[in-house]
Amino acid sequence: MPELPEVETVVREIRGELLNRSITAARFAVPRQLQPHTPRGLARAVAGQTIRDVRRRGKHILLQLDRGLLLVHLRMTGRLYVREAADGERAHERAWFDLNDGRVLAFRDARTLGVIRYLRDGETPLMLNRLGWEPLSDRVSPEELRTVLSRRTIAVKPLLLDQKVWAGIGNIYASEILWEARINPRKRASRLTRSEMERLCQWVPRVLQRALDRGGSTLRNFVGADGRGGSYQRELRVYGREGEPCPRCRAPVRRFVQAQRSTYYCPRCQNTK
DNA sequence: CTCCGATCCTGATGGC
DNA sequence: TGCCATCAGGATCGGA
């Protein structure tokens with residue numbers, strides 16, 4: 001599920017169910033996902049604390065507790081939702097936070113690449129403090145972007161996946177953003193023209209906001225916290241559409257691999273060398 | 001610093 | 001049906 005629009009959707013869905021509930025107990029199935037904590041240590045740290053706020057930074061979900069922050073990163077296949085304890089486990093659940101209203105905050109993650117951490121008050125790990133701009137709330141000028149990109153020889157598409165630039169963009173929206181901005185995904189970041197940087201600053205928030213408005217994208221039967229899933233996947237312009245006509249110029253969409261990830265683009269309208 | 005590739009995992013899918 | 005290769009919405013690590 002999880003790029004910024006999907007993570008934000010999850011946060012909005014679970015927020016109301018978690019605010020002012022307290023965690024009575026917690027259990028964890030995969031110790032590796034908790035490092036450097038142990039399952040017992042983490043359970044002891046959060047038990048008895050009340051959830052005061054639920055928010056997002058980049059792709060991280062942050063639960064503000066009385067004395068610290070519970071951080072959840074969904075990575076590739078993680079999902080986070082509240083269910084009735086009596087309903088029983090769903091497939092691949094890896095962590096459970098019992099709430100004082102008889103429900104459970106469950107973390108489901110088939111590939112177990114997701115991460116759960118507890119940060120005591122004042123503790124800010126590299127994970128969080130290296131993150132870049134928040135796309136929906138930080139206004140970024142082309143000049144600021146140019147400063148950040150000046151020494152980056154990496155291609156612009158993998159650059160968008162670098163969370164130290166903008167935090168929250170993932171593989172789907174990177175392709176979508178570059179299609180909207182008509183930028184060649186292979187172009188080196190430092191070589192973008194002034195106009196391309198302007199378009200990037202415009203389209204990064206626009207694409208993510210539009211996806212958020214639709215509740216995010218749901219691919220391969222993954223669903224959001226409430227089990228309904230978003231609808232934006234139907235509106236993806238190029239991602240997953242190899243061979244289909246570009247919605248702008250009808251040229252066939254192409255797929256190729258950059259930094260071990262698929263990139264989709266239109267060779268005609270994004271051919272700016 | 002920046003970069004690139006390998007790596008961590010499991011499950012779904014498609015070809016034979 | 002079974003087997004195998006490939007792919008997957010992410011991020012970190014080590015070496016160059």
Side-chain angles (χ1 to χ4, degrees), chain A residues 1-10 28-36 56-61 71-80 90-95 107-117 125-132 135 147-178 186-191 207-208 211-212 214-225 229-243 255-264:
Chain A
M1 277 183 33
E3 297 184 37
L4 186 153
E6 293 76 32
V7 175
E8 179 63 28
T9 298
V10 170
F28 306 96
V30 185
R32 176 173 40 76
Q33 300 189 273
L34 315 176
Q35 282 173 23
R56 177 192 60 74
R57 174 74 174 100
K59 300 172 193 170
H60 301 262
I61 297 167
L71 176 155
V72 178
H73 196 303
L74 303 174
R75 292 283 181 97
M76 296 285 262
T77 52
R79 275 174 274 176
L80 194 64
R90 299 178 195 168
H92 311 306
E93 286 186 358
R94 313 294 189 189
F107 173 65
R108 184 181 192 189
D109 185 11
R111 286 173 73 181
T112 71
L113 296 173
V115 169
I116 299 175
R117 285 196 62 178
L126 297 179
M127 253 190 142
L128 282 184
N129 63 24
R130 280 194 192 166
L131 291 178
T147 304
V148 168
L149 301 192
S150 63
R151 292 172 190 281
R152 303 299 300 267
T153 58
I154 192 175
V156 60
K157 191 304 190 136
L159 176 102
L160 289 181
L161 301 181
D162 182 347
Q163 303 298 297
K164 297 190 293 302
V165 183
W166 270 289
I169 302 173
N171 203 42
I172 292 180
Y173 298 116
S175 284
E176 296 295 303
I177 287 163
L178 293 176
R186 290 187 167 94
K187 192 156 183 179
R188 289 176 182 269
S190 59
R191 299 234 173 123
V207 167
L208 296 175
L212 175 58
R214 309 288 191 283
S217 301
T218 309
L219 264 47
R220 284 186 302 283
N221 298 322
F222 286 179
V223 292
S231 64
Y232 193 67
Q233 68 279 4
R234 290 196 296 268
E235 298 178 42
L236 296 176
R237 308 294 203 255
V238 287
Y239 185 87
R241 299 194 182 279
E242 183 179 18
R255 169 189 178 273
F256 70 104
V257 175
Q258 283 180 301
Q260 294 101 242
R261 318 289 306 274
S262 288
T263 298
Y264 295 86

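Labels below follow one simple rule: chain letters A, B, ... track the order of the sequence lines, proteins then strands, and each chain is numbered from 1. The basis for the numbers below is simple: all heavy atoms, side chains too, and nothing from hydrogens, waters or symmetry mates.
C/dG9 atom C1' lies 10 Å from atom CG of A/L74, rounded to whole Å. Distance, A/R191 CZ to B/dT2 P: 17 Å, rounded to whole Å. Between A/R188 atom CZ and B/dC3 atom C1' the separation is 10 Å, expressed in whole Å. Taking atom CE of residue A/M127 and atom C1' of nucleotide C/dG10, one finds them 10 Å apart after rounding to whole Å. The separation between A/Q35 atom CD and B/dC8 atom P is 13 Å, rounded to whole Å. Atom CZ in A/R130 sits roughly 19 Å away from atom P in C/dG10 (whole-Å rounding). One interatomic measurement links the two molecules: CZ of A/R75 to P of B/dC9, which rounds to 12 Å at whole-angstrom precision. Between A/E6 atom CD and C/dA8 atom C1' there is a gap of 14 Å when expressed in whole angstrom units.
OP1 or OP2 of C/dA11 has at least one side-chain nitrogen or oxygen of A/K59 nearer than 4.0 Å. For A/T153, no side-chain nitrogen or oxygen approaches OP1 or OP2 of B/dT2 to under 4.0 Å. Contact annotation: A/T77 does not reach the phosphate of B/dC9 (side-chain N/O to OP1 or OP2, under 4.0 Å). For B/dC3, one of the phosphate oxygens OP1 or OP2 lies less than 4.0 angstrom from a side-chain nitrogen or oxygen of A/R152. Residue A/H73 places at least one side-chain N or O closer than 4.0 Å to OP1 or OP2 of C/dA11. In terms of phosphate contacts, A/R261 brings a side-chain nitrogen or oxygen within less than 4.0 Å of OP1 or OP2 of C/dG10. The shortest distance between the side-chain N/O atoms of A/H92 and the OP1/OP2 oxygens of B/dG11 is below 4.0 Å.
Each of A/L161 and A/R111 lies near DNA chain C, and the nucleotide nearest A/R111 is the one positioned closer to the 5' end. Checking A/Q260 against A/L159, the closest nucleotide of DNA chain B that is more toward the 5' end is the one next to A/L159.
A/Q163 comes within contact range of the sugar-phosphate backbone alone, with a heavy-atom separation under 4.0 Å but no base atom that close. Residue A/I154 is classed as a sugar-phosphate contact, given heavy-atom separations below 4.0 Å to backbone atoms only. Among the atoms of the strands shown, only primed sugar atoms or phosphate atoms (P, OP1, OP2) are found under 4.0 Å from some heavy atom of A/R32.
Side-chain atoms of A/L160 and A/V165, non-hydrogen and from C-beta on, never get closer than 4.5 Å to each other. A/L4 has its side chain within reach of A/R56: a pair of non-hydrogen atoms, C-beta onward, lies under 4.5 Å apart. Side chains of A/V7 and A/I61 form a contact here, defined as non-hydrogen atoms less than 4.5 Å apart.
Side-chain polar atoms of A/R255 and A/S262 form a donor-acceptor pair below 3.5 angstrom.
When Watson-Crick and G-U wobble pairs are counted only if both distances are under 3.5 Å, B/dC4 pairs with C/dG14.
Here the separation of B/dC3 from C/dG9, taken at their C1' atoms, is 24 Å to the nearest Å.
Among the candidates A/Q33, A/H92, A/R79, A/R94, the single residue satisfying the side chain to side chain donor-acceptor pair (under 3.5 Å) test with A/D109 is A/Q33.
The distance from the NZ atom of A/K164 to the CG atom of A/L159 is 9.5 Å, given to the nearest 0.5 Å.
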